[in-house]
Amino acid sequence: MPRSIADQTTEELGGPGSVLVRQRRDHEELDRLLHELDGTEGAAQEEVLTRIDRLVFSHAFAEETVLWPVIRRVLPDGDALTLQVEEEHQEVNELVSALERGGLDDPERPARLRRLVEVLREDVRDEEDVLLPRLQERLSPEELRALGRRWALVARISPTRPHPTVSRRPPGNALSGLPLSLIDRTRDAVDAGVRRVPDRFVPAGRAVSSGLAAVAGLVERVPLARRGDRPPTSR
């Protein structure tokens, strides 16, 4: 059984630029945020959840467009391995979307939050203990570093919000990624501004954010955005 990347040194993983090191760094930040989330409520909880979302969705998009296709190419059971993680990503998308729709007073919110934390931790373990060590066996340190550069580039231009109807696989996710990223990151800037401006400007800011969300919904419904999905994750 391959060793978990959680138990290896940076040098064993291919050096600081290796995709394995980059992945683990994000996982460590996610673990810190999940601990910070525990015990929060109200606006403080929403603030931590926002930071989790921004990390998780760009991270997962880079995995689905850069890493998982490589795993499917180099491992005989790569399709089944990545499909399991894609199902976890799909559930995260659906849970976060439900949390956003329900708001702070939704009676389902505590259960959804608990399940979200549970799925995120399951996802990290599946990746660090199974998928990434298997990838490590097939690629050289140089290849892991090259893959790390591609992963980091895509993560910087990836969507930052849930899009549960978009394909978890190419070509759908790749084709919809850029427009959704532009919309999401514009909404991020608008929402951050709403938190800082005087109250009289808040309704206008929220209207702009809602309008951008509607545009994202149109992008999600374009048939090309759904191409490539397998039945367990297609919506």
Side-chain angles (χ1 to χ4, degrees), residues 1-35 51-93 119-160 166-178 180-181 185 228-230 233:
M1 186 73 179
R3 288 169 62 205
S4 170
I5 70 166
D7 300 327
Q8 299 186 49
T9 66
T10 297
E11 289 69 29
E12 288 175 314
L13 295 175
S18 164
V19 69
L20 306 179
V21 174
R22 295 175 191 268
Q23 286 275 112
R24 186 172 67 181
R25 188 182 304 129
D26 272 9
H27 291 167
E28 290 168 347
E29 174 63 9
L30 174 61
D31 183 65
R32 187 188 69 76
L33 288 170
L34 291 177
H35 279 101
R51 285 188 281 148
I52 289 172
D53 293 349
R54 302 302 173 263
L55 172 67
V56 163
F57 291 116
S58 59
H59 176 102
F61 184 87
E63 289 176 335
E64 291 169 354
T65 55
V66 174
L67 285 190
W68 299 169
V70 174
I71 288 179
R72 288 193 285 271
R73 176 169 53 82
V74 302
L75 293 176
D77 56 346
D79 187 78
L81 289 171
T82 56
L83 184 59
Q84 178 179 339
V85 173
E86 287 164 349
E87 289 184 67
E88 293 167 348
H89 289 182
Q90 181 65 31
E91 186 174 1
V92 169
N93 271 261
V119 177
L120 287 171
R121 293 199 183 282
E122 288 174 359
D123 182 66
V124 169
R125 292 276 54 84
D126 286 340
E127 292 176 11
E128 291 196 350
D129 299 346
V130 182
L131 266 76
L132 297 177
R134 294 284 303 281
L135 180 66
Q136 182 183 24
E137 290 181 323
R138 294 300 183 106
L139 299 184
S140 68
E142 293 77 14
E143 290 171 320
L144 290 171
R145 289 192 290 272
L147 198 56
R149 290 190 291 272
R150 286 176 53 206
W151 180 92
L153 174 62
V154 172
R156 283 196 294 271
I157 57 172
S158 292
T160 59
V166 170
S167 174
R168 306 260 69 83
R169 294 191 177 196
N173 58 358
L175 291 170
S176 62
L178 183 57
L180 288 175
S181 178
R185 291 169 188 270
D229 242 353
R230 297 287 296 277
T233 60

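Given the structure is predicted, the values throughout are model-derived calculations rather than measurements.
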S.K.: Starting at CG of Leu147, measure out to CG of Leu20 and round the result to the nearest 0.5 Å.
M.R.: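 Atom-to-atom, Leu147:CG and Leu20:CG are 8.5 Å apart.
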S.K.: Mind checking side-chain contact (heavy atoms from CB on, under 4.5 Å) for Pro141 and listing every partner two or more places apart, or none if nothing turns up?
M.R.: Arg145
S.K.: Gly177 and Pro159: which non-hydrogen atoms are nearest, and at how many Å?
M.R.: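 Closest heavy-atom pair between Gly177 and Pro159: O-CG, 3.7 Å.
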S.K.: Given Arg72 and Thr82, is the side chain to side chain donor-acceptor pair (under 3.5 Å) satisfied, shown in steps?
M.R.: CA-CA 7 Å; Arg72 288 193 285 271; Thr82 56; 3.1 Å; yes
S.K.: Show the nearest heavy-atom pair for residues Asp79 and Arg169, with the distance to one decimal.
M.R.: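 Looking at all heavy atoms of both residues, the shortest contact is OD1-NH1, 2.8 Å.
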S.K.: Short question: side chain of Thr65, backbone of Phe61 - any donor-acceptor pair under 3.5 Å?
M.R.: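 Between the backbone of Phe61 and the side chain of Thr65 there is a qualifying donor-acceptor contact (under 3.5 Å).
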S.K.: Glu88 and side chain to side chain contact (heavy atoms under 4.5 Å, CB included): which single residue from Asp123, Asn93, Leu120 fits?
M.R.: Asp123
S.K.: Might you work through the side-chain contact (heavy atoms from CB on, under 4.5 Å) test for Leu75 and Glu137, ending with a clear yes or no?
M.R.: CA-CA 10 Å; Leu75 293 176; Glu137 290 181 323; 5.8 Å; no
S.K.: Measure the CG-CG distance between Leu33 and Asp53 for me, rounded to the nearest 0.5 Å.
M.R.: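 If we round to the nearest 0.5 Å, Leu33:CG and Asp53:CG are 10.5 Å apart.
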S.K.: Between Val166 and Gly172, what is the shortest heavy-atom contact and its length?
M.R.: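 Answer, listing the atom of Val166 first, then Gly172: CG1-O, 4.4 Å.
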S.K.: Residues two or more places apart in sequence or in another chain: which of them pass side-chain contact (heavy atoms from CB on, under 4.5 Å) with Val130?
M.R.: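 Testing Val130 for side-chain contact (heavy atoms from CB on, under 4.5 Å), a comparison that skips the adjacent residues, returns Leu81.
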S.K.: Go through the structure and list residues passing side chain to side chain donor-acceptor pair (under 3.5 Å) with Asn173, not counting sequence neighbours.
M.R.: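 Checked Asn173 against side chain to side chain donor-acceptor pair (under 3.5 Å); zero matches.
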S.K.: Just do the side-chain contact (heavy atoms from CB on, under 4.5 Å) check on Asp31 and Val124 with the steps written out, would you?
M.R.: CA-CA 9 Å; Asp31 183 65; Val124 169; over 6 Å; no
S.K.: State the CD1-CD distance between Ile5 and Glu127, to the nearest 0.5 angstrom.
M.R.: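 Rounded to the nearest 0.5 Å, the CD1-CD separation comes to 8.5 Å.
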S.K.: Going by side-chain hydrogen bond (donor to acceptor under 3.5 Å, both in side chains), Arg168 matches just one of Glu64, Glu87, His89. Which one?
M.R.: Glu64
S.K.: Report yes if the side chains of Arg32 and Arg51 come closer than 4.5 Å at any heavy-atom pair, otherwise no.
M.R.: yes
S.K.: Please report the shortest heavy-atom distance between Ala62 and Ser158, naming the atom on each side.
M.R.: N-OG, 4.2 Å
S.K.: Which pairs, with at least one residue in residues 120-153 and sequence neighbours excluded, count as a ring pair (Phe, Tyr, Trp, His ring centres under 6.0 Å)?
M.R.: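 Qualifying pairs: His59-Trp151.
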S.K.: Check Arg125 with Glu122, please: is the shortest side-chain N to carboxylate O separation under 4.0 Å?
M.R.: no
S.K.: In Å and rounded to the nearest 0.5 Å, what is the CG to CZ distance from Leu131 to Arg134?
M.R.: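 Between Leu131 CG and Arg134 CZ, I get 8.5 Å after rounding to 0.5 Å.
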S.K.: Verify, without hydrogens or angle tests, whether Arg22 (side chain) and Gly148 (backbone) share a donor-acceptor contact under 3.5 angstrom.
M.R.: yes
S.K.: Is the backbone of Asp229 close enough, under 3.5 Å, to the side chain of Ser167 for a donor and an acceptor to pair up by distance?
M.R.: yes
S.K.: With side-chain contact (heavy atoms from CB on, under 4.5 Å) as the criterion, how do Arg149 and Val66 come out once you've worked through the C-alpha distance, each side chain's angles and the decisive distance to 0.1 Å?
M.R.: CA-CA 10 Å; Arg149 290 190 291 272; Val66 174; over 6 Å; no
S.K.: Taking the side chain as everything from C-beta on, heavy atoms only, tell me whether Glu63 gets closer than 4.5 Å to Gln23.
M.R.: yes
S.K.: Quick one: side-chain contact (heavy atoms from CB on, under 4.5 Å) partners of Leu175, sequence neighbours excluded?
M.R.: Pro171, Leu224
S.K.: Do the side chains of Ile52 and Leu30 get nearer than 4.5 Å, heavy atoms only?
M.R.: yes
S.K.: Find the distance between OG (Ser58) and CZ (Arg185) and round it off to the nearest 0.5 Å.
M.R.: 6.0 Å
S.K.: Output all residues satisfying side-chain contact (heavy atoms from CB on, under 4.5 Å) with Glu11, sequence neighbours left out; order by chain, then residue number.
M.R.: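 Glu11: side-chain contact (heavy atoms from CB on, under 4.5 Å) contacts with Thr9.
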S.K.: Does any N or O in the side chain of Ser4 come within less than 3.5 Å of the main-chain N or O of Glu128, such that one atom is a donor and the other an acceptor?
M.R.: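 Yes; at least one donor-acceptor contact below 3.5 Å.
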S.K.: Could you walk me through whether Gln136 and Glu12 pass side chain to side chain donor-acceptor pair (under 3.5 Å), step by step?
M.R.: CA-CA 10 Å; Gln136 182 183 24; Glu12 288 175 314; over 6 Å; no
S.K.: With rounding to the nearest 0.5 angstrom, report the CG to CG distance, Leu144 to Leu139.
M.R.: 5.0 Å
S.K.: Between Gln90 and Glu86, does a side-chain contact (heavy atoms from CB on, under 4.5 Å) hold up when you go through it step by step?
M.R.: CA-CA 6 Å; Gln90 181 65 31; Glu86 287 164 349; over 6 Å; no
